[in-house]
Amino acid sequence: MWQGQIIKALSGFYYIDYKGSIYQTRARGNFRNRKITPLVGDFVAFESTNKTDGYVLEMLPRKNELIRPAVANIDLGVVVTSCVEPLFSFNLLDRFLVTLESKKIKPVIYITKLDLASAEVIEKMEKMRSYYEKIGYPVYFSNEEGSEKIRRLFKNQLTVFMGQSGAGKSTLLNEILPELDLEVGVISNALGRGKHTTRHVELLTIDGGLVADTPGFSSIEFLEMSVEELPKQFPEFVRAAEHCKFRECQHRKEPKCQVKEEVSTGEILANRYDNYLQFYEEISNRKPMYNKKNK
Ligand code: ZN
C-alpha cells in the first residue's frame with residue numbers, strides 16, 4: 001500500500017502522483033459506498049501492480065477544501081482583483097480573504113489593470129497595499145512583474161486562483177501557464193458573465209509546487225460560517241480583541257471595545273470594519289441550514 005496525492009479526477013478515474021510518477025486508479029466499491037468523494041489534492045492510500053489499474057483504498061485526513069475549484073489541501077489562495085473595469089471593491093476582496101482565513105488558506109492579493117488606472121486610483125491602490133500588507137497579506141501589482149512574483153511562491157505549496165469575474169484570473173493563469181491557453185472571458189458578453197467552460201480541475205507542477213489549472217470562485221456567500229467565527233477571520237481584529245473588555249466581544253455594541261477604538265483612530269481601516277458589520281448581518285439573517293454537515 002502506497003500513499004500519494006490525487007492530481008486529476010476524470011470519468012471515475014483518479015490520477016495519483018506517487019514519487020513523481022502518475023498512477024491511474026479507481027475507487028474500490030466499499031470505498032465508494034462510504035459517500036466520501038475524493039477530491040483533487042487529497043492524499044490517499046492506494047494499491048497498484050501497474051500504472052493503469054490501481055485502487056484507492058483510503059483517504060487521509062483533509063486539511064481543507066473548496067467547492068470551486070473542487071480542490072482539497074490548499075495552502076495558498078491568490079485573490080485576483082482589478083482596480084478598474086470592474087472597479088476595485090473592498091467588500092469583494094474582504095469576502096475572499098475571510099473565506100480563505102476560515103479555511104486556513106494563506107491569502108495573497110493580486111491587483112490587475114493598473115495600466116488602465118488614473119493617478120487617483122493608483123494612489124488608492126498604494127494605500128490599500130500598505131494597509132493589507134500591514135495586517136499580513138502580501139499584495140502584488142500586475143504592472144510590477146506581479147505574475148513572476150506569484151510564481152516564486154509556488155514551491156512546496158498547493159495554490160489556487162480566485163477572484164471576481166472579469167478581474168483577469170484567466171489572463172494571469174495564461175501568463176503563468178502559457179501552454180494552458182484558457183479562454184479569457186469578456187465582461188460585456190451577452191450573458192453578463194465570463195465564458196463558462198466546464199473542464200475538470202488538474203494540478204500542475206510548476207516551480208516545485210502544485211497549481212490548480214482552473215480559476216475558482218468569482219463571488220462568495222458565507223454558507224458555512226457562524227457569527228461567532230466571523231471576527232476571528234480578521235487578523236487585525238484578533239490582535240486588538242486582546243484589549244476588548246469582554247472576552248467574547250463581537251466588536252459591535254459592546255462597551256470598551258478596542259476594535260471600535262482603533263476604527264475611530266484610523267488604525268483599523270473603516271472599510272474593513274463596515275464590511276465586517278455587513279457580513280455579520282448577512283450571516284445573522286441567513287436561513288438556517290438544516291442539513292449542514294458536521295465537520
Ligand atoms: Zn471588541
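Both counts, for ligands and for their atoms, begin at 1 and track the order of listing. Note that the structure is predicted; figures quoted are calculated from it, not measured.
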- Message: Against the six-membered ring of Phe13, is Arg26 placed for a cation-pi contact (under 6.0 Å from the centre, within 45° of the normal)?
- Response: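 Yes, cation above the ring, under 6.0 Å and within 45°.
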
- Item | Within 45° cone of Tyr15 ring axis and under 6.0 Å: Lys8 NZ or CZ |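 Yes - Lys8 lies over the ring of Tyr15, closer than 6.0 Å to its centre and within 45° of its axis.
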
- May I ask you to say whether Arg272 pairs ionically with Glu236, meaning some side-chain N is under 4.0 Å from a carboxylate O?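 Judged by the 4.0 Å cut-off on N to carboxylate O distance, Arg272 and Glu236 do form a salt bridge.
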
- Output yes when Arg152 and Asp207 qualify as a salt bridge under the 4.0 Å nitrogen-oxygen rule, no when they do not.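 Salt bridge: no.
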
- With respect to Lys103, which candidate in Glu65, Glu224, Glu229 satisfies the salt bridge (charged side-chain N to carboxylate O under 4.0 Å, His left out) definition?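 Among the candidates, only Glu224 passes.
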
- Item | Under 3.5 Å donor-acceptor, Asp17 side chain and Gln5 backbone |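 Not confirmed, Asp17 side chain does not pair with Gln5 backbone.
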
- For the Zn ion (ligand 1), count the protein N, O or S atoms found under 2.8 Å away.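 Under the 2.8 Å cut-off, the count stands at 4.
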
